[in-house]
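Single-structure report; data block below.
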Amino acid sequence: MKVDFDRLAPEERRILLVASDDKYRDLVTQVDTKRLLGFLPLALAGGIGLVGAGAATLFLSQALGATYQGVLKGPKGDEPADLKGIVTRVITKGEIVLPHLSPQEAVTRFNFDPGDLEDGAAYLASPFNRDHYLRPAVANERLAQEKMRAFVKLAASLGAKTIVLASVDSDEKKGGAKGNVPISQLAAQIGISATFDASGSANRQVYMEFDTPRQAPFVPDDLAHWLRADPMLRSLAETRLTARTKLARATLMFGDSLDFGADAMVTLAKLAGRGVDLGGTYKRVVRSTFSFEIEFYPWD
């Protein structure tokens, strides 16, 4: 669906289809198997060309019901001559009711992860930057990584001396089911490099160490949206800035936390069924809890 992106609100383009004219044409002219099966009786009778326009029009009328009167009838109430075009429209999947633009326009208007822009692919707007689009299959994983990055950057900006990984827990570890994702793999998925024993315990260890800060504690502007969204990060910043804490404990919770609503998820499922690229196999982020201790430099 072609739209004027200059007039489109961010909420109206949460899901974006990037497709060239040729690719979009391929997507919308795919044959709809269910609709095609409805035409089998007509095809068995010899095809539209053999049974005549009258039979074809009658069949279309029965197949489309009230739509027939508004779409297939000519301006004077007569039958349109282009039955082939009508049949094509009826048995194909039709327009994708999503804002779409070409790869060339997409790269000039919005931001994408390096190497991610593909012709014929759908993207989700990041909840924290509506001009940055993510592949749906990896959106939750990317958000988890961004959360971890925000935590480290915030701690460093507040004057952290060391960040110690105290413990790790996960719902899957508690469940004890076969095929559980190892804790080490969960950590790597969100960008944490650490060592774990055979049981999966974190074995209290220094995760990151910093040099003496060159400026007073502060909150970077680009982390403001994270503080609004995450009470733990907001509390960490507030207590350090107002009470000059020397030692703080922080618990980060991860999981499939992107919430685009049920309608959006249904839309994505339908897009996948139409051959739209969603970025590969969905990458699930297991619910897990990482506990840290932060020691801060003295605040002169």
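Only this structure's heavy atoms are used, side chains among them; waters, hydrogens and symmetry mates stay out.
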Minimum-distance pair of heavy atoms, taken over all atoms of [X] and [Y]:
X      : Y      : result
Ala137 : Thr281 : CB-O, 3.7 Å
Gln189 : Val286 : OE1-N, 4.5 Å
Tyr207 : Val152 : CE2-CG2, 3.9 Å
Phe5   : Pro99  : CZ-CB, 3.9 Å
Val219 : Ala237 : CG2-CB, 3.9 Å
Ala156 : Phe210 : CB-CE2, 3.6 Å

Given 3.5 Å as the limit, does a donor-acceptor pair link the side chain of [X] with the main chain of [Y], or not?
X      : Y      : value
Tyr24  : Leu17  : no
Lys283 : Arg142 : no
Glu12  : Ala9   : yes
Glu293 : Ala166 : no
Arg240 : Thr245 : yes
Ser235 : Pro231 : no

Can you check side chain to side chain contact (heavy atoms under 4.5 Å, CB included) on Lys23 and Val276, steps first, answer last? CA-CA 10 Å; Lys23 186 64 177 181; Val276 175; over 6 Å; no
Separation between [atom1] of [X] and [atom2] of [Y], rounded to the nearest 0.5 Å:
X      : Y      : atom1 : atom2 : value
Asp113 : Arg135 : CG    : CZ    : 9.5 Å
Ile96  : Thr267 : CD1   : OG1   : 11.0 Å
Asp119 : Gln104 : CG    : CD    : 8.0 Å
Leu271 : Leu278 : CG    : CG    : 6.5 Å
Asp230 : Met253 : CG    : CE    : 10.0 Å
Glu295 : Glu209 : CD    : CD    : 9.0 Å

Is [X] linked to [Y] within one hydrophobic cluster, defined over Ile, Leu, Val, Met, Phe, Trp and Tyr using a side-chain heavy-atom separation of less than 4.5 Å?
X      : Y      : value
Leu143 : Phe290 : yes
Leu252 : Val168 : yes
Val206 : Phe296 : no
Val164 : Phe292 : no

Can you confirm whether [X] sits close enough to [Y] that some side-chain heavy atom of one is under 4.5 Å from a side-chain heavy atom of the other?
X      : Y      : answer
Glu11  : Arg130 : yes
Leu154 : Leu227 : yes
Ile163 : Phe151 : yes
Leu236 : Ile294 : yes
Ser102 : Asp21  : no
Leu16  : Leu98  : no
Val285 : Gln145 : no
Arg13  : Arg109 : no

Please check if atom CG in Asp4 has more than 12 non-hydrogen atoms from other residues, nucleotides or ligands closer than 6.0 Å.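 Yes, the 6.0 Å shell around CG holds more than 12 heavy atoms from other groups.
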Ring centres under 6.0 Å, that's the criterion: do Tyr123 and Phe110 meet it?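 Here the rings of Phe110 and Tyr123 have centres that are no less than 6.0 Å from each other.
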Sequence-distant partners of Ala106, side chain to side chain contact (heavy atoms under 4.5 Å, CB included), two or more places apart: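 Side chain to side chain contact (heavy atoms under 4.5 Å, CB included) check on Ala106 returns Val18, Leu101, Phe112, Leu117.
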Given Phe254 and Leu186, is the side chain to side chain contact (heavy atoms under 4.5 Å, CB included) satisfied, shown in steps? CA-CA 10 Å; Phe254 298 93; Leu186 293 178; over 6 Å; no
Listed by chain and number, what are the ring pair (Phe, Tyr, Trp, His ring centres under 6.0 Å) partners of Phe128, not counting sequence neighbours?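 Phe128 satisfies ring pair (Phe, Tyr, Trp, His ring centres under 6.0 Å) with His225, Trp226 once adjacent residues are dropped.
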Salt bridge (charged side-chain N to carboxylate O under 4.0 Å, His left out) for Asp22 and Arg25? Distances and angles first, verdict last. CA-CA 5 Å; Asp22 288 343; Arg25 190 179 304 111; 2.9 Å; yes
Of Thr212, Thr162, Leu158, which is the lone residue that meets side-chain contact (heavy atoms from CB on, under 4.5 Å) with Tyr297?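 Among Thr212, Thr162, Leu158, the one that satisfies the side-chain contact (heavy atoms from CB on, under 4.5 Å) with Tyr297 is Thr212.
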Decide whether Tyr133 and Asp116 meet the rule of one side-chain donor and one side-chain acceptor closer than 3.5 Å.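 Asp116 and Tyr133 do not have a side-chain donor-acceptor pair below 3.5 Å.
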